[in-house]
Amino acid sequence: MKKKTVLTGITTTGTPHLGNYVGAIRPAIEASRDEGVNSYYFLADFHSLVKCHDPARVHQSRLEVAATWMALGLDTEKSIFYCQSDIPEIPELTWILTCMTAKGLMNRAHAYKAAVQENEDNGSTDPDKGITMGLFSYPVLMAADILMFNAHIVPVGRDQVQHLEMTRDIAQRFNHHFGEHFVLPEAKVDESTAILAGLDGRKMSKSYNNYIPLFVPEKQLRKLIMKIVTNSQAPEEPKETEGCVLFDFYRTFASPTQVEEMRQRFARGIGWGEVKQELFELVNAQLAEPRQKYAELIQNPKYIQEVLTKGAEKARVHSQPFLDKIRAAVGIKPLSS
Ligand code: TRP
């Protein structure tokens, strides 16, 4: 049987935090070890230009995100790890797909609609104020990322499901008109992956400023963990695990046995400070080695670049001939052979 292709893009904005780690990076790295699939992981740096127009930040974030995935153990030999912007076939395919994409479909994209809504709420006379074509066409670029490699399965967060539906729509339309060239991909939203709460109990997110950066120094990690919200129960009081932010945090990093033990200690009564100290030790033990590796990698951008360049070469073994076929399918091919 032919192996399935699994592909996912990683936006290169900002510095990854613990929530990104447990919600996306950790499961993706585990999945990349699956021998039964071909996996593609790439840095969606063209996508980052939609949100960020600061060249130094765009550049730094590409470096940090690449180093993060490598430090956490992504197998860059087994899976194809590359930068979107190193694959010139992707923007080319984006244009070809743009010409087969209904504008009305893009009008319905959540991100675009939210931006329009915000303008309306602010009483702006122009509903498209501040909205670039990049934001508007974002889903077409994402469709090109996916269709370029005929991915079957695309692991994404819930907020990306609509983009996958759009990708299928675009692919279907193309296939209908020009022949069966593209695989229709499926989104894979893993319901079991943890959504980590932030320090204040809401979902860990940059926008709430309640996050713990992935590779903060040990001391700071401890300090941040000590800030996780708890109630004012005294140490000896028996405690509820259900709905307890601290317990959920612990569960995300602990083994099933450790979780069970902690559950019993909650029932018997345990001080919040003690739980936090143990949580810190647990998280720190898991991150100490990658943190060290990250520090080394970030000092060696040349090496990271080499890995990405090699990845792009591997990816282009597929994308170059495939794009030639797509060009020919739409009528762009040498005038004589
Ligand atoms: N839009 C995705 C996100 O914000 C990132 C992304 C870009 C992506 N291209 C992709 C994800 C292709 C999956 C497949 O998370």
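Order of listing sets the numbers, starting from 1, for every ligand and every atom in it. Predicted model only: the values in this text are computed from it and were never measured. Count residues from 1 along the sequence.
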Under 4.0 Å between heavy atoms, the region of Gln160 that gets near ligand 1 turns out to be side chain
query = Hey, any chance Leu49 and Leu308 share a hydrophobic cluster, counting ILVMFWY side chains that come within less than 4.5 Å of each other, even indirectly?
reply = no
Of all heavy-atom pairs linking Pro127 and Ile131, the shortest is O-CD1, 3.8 Å
Discussion item. Geometry only, no angles: is Tyr138 polar-contacting ligand 1 at N/O separations under 3.5 Å?
Written reply: yes
closest protein heavy atom to atom 11 (C) of ligand 1 is Gly9 N, 3.3 Å
Within the 4.0 Å heavy-atom cut-off, what Asp159 brings close to ligand 1 is neither
Near Val154 (heavy-atom distance under 4.0 Å), the atoms of ligand 1 are 13 (C), 14 (C)
Any heavy atom of Phe42 under 4.0 Å from ligand 1? The part involved is side chain
ask   = Hey, is Lys302 close enough to Glu306 for a salt bridge, meaning N to O under 4.0 Å?
value = yes
Within 4.0 Å of some non-hydrogen atom of Ala44, the atoms of ligand 1 are 7 (C)
Worksheet entry | Hphob cluster co-occupancy, Met133 + Leu97, side-chain heavy atoms under 4.5 angstrom | yes
Problem set entry | Joint cluster assignment, Ile80 & Leu147, ILVMFWY side-chain distance < 4.5 Å | yes
Short version for Leu141: what comes under 4.0 Å of ligand 1, heavy atoms counted, is neither
Is atom CD of Gln264 surrounded by more than 12 heavy atoms (other residues, nucleotides or ligands) closer than 6.0 Å?
yes
The atoms of ligand 1 lying under 4.0 Å from a heavy atom of Thr11, numbered in the order shown, are 3 (C), 4 (O), 5 (C)
His47 heavy atoms within 4.0 Å reach ligand 1 at atoms 7 (C), 9 (N)
**Asked** Under 3.5 Å between some N or O of ligand 1 and some N or O of Asp145?
**Response** yes
**Asked** Do Arg108 and Gln162 get their side chains close enough for a donor-acceptor pair, meaning under 3.5 Å?
**Response** no
Report the C-alpha distance between Val259 and Phe247 in whole Å, list the side-chain angles of each, state the deciding distance to 0.1 Å, and finish with yes or no for side chain to side chain contact (heavy atoms under 4.5 Å, CB included). CA-CA 9 Å; Val259 174; Phe247 186 79; 3.9 Å; yes
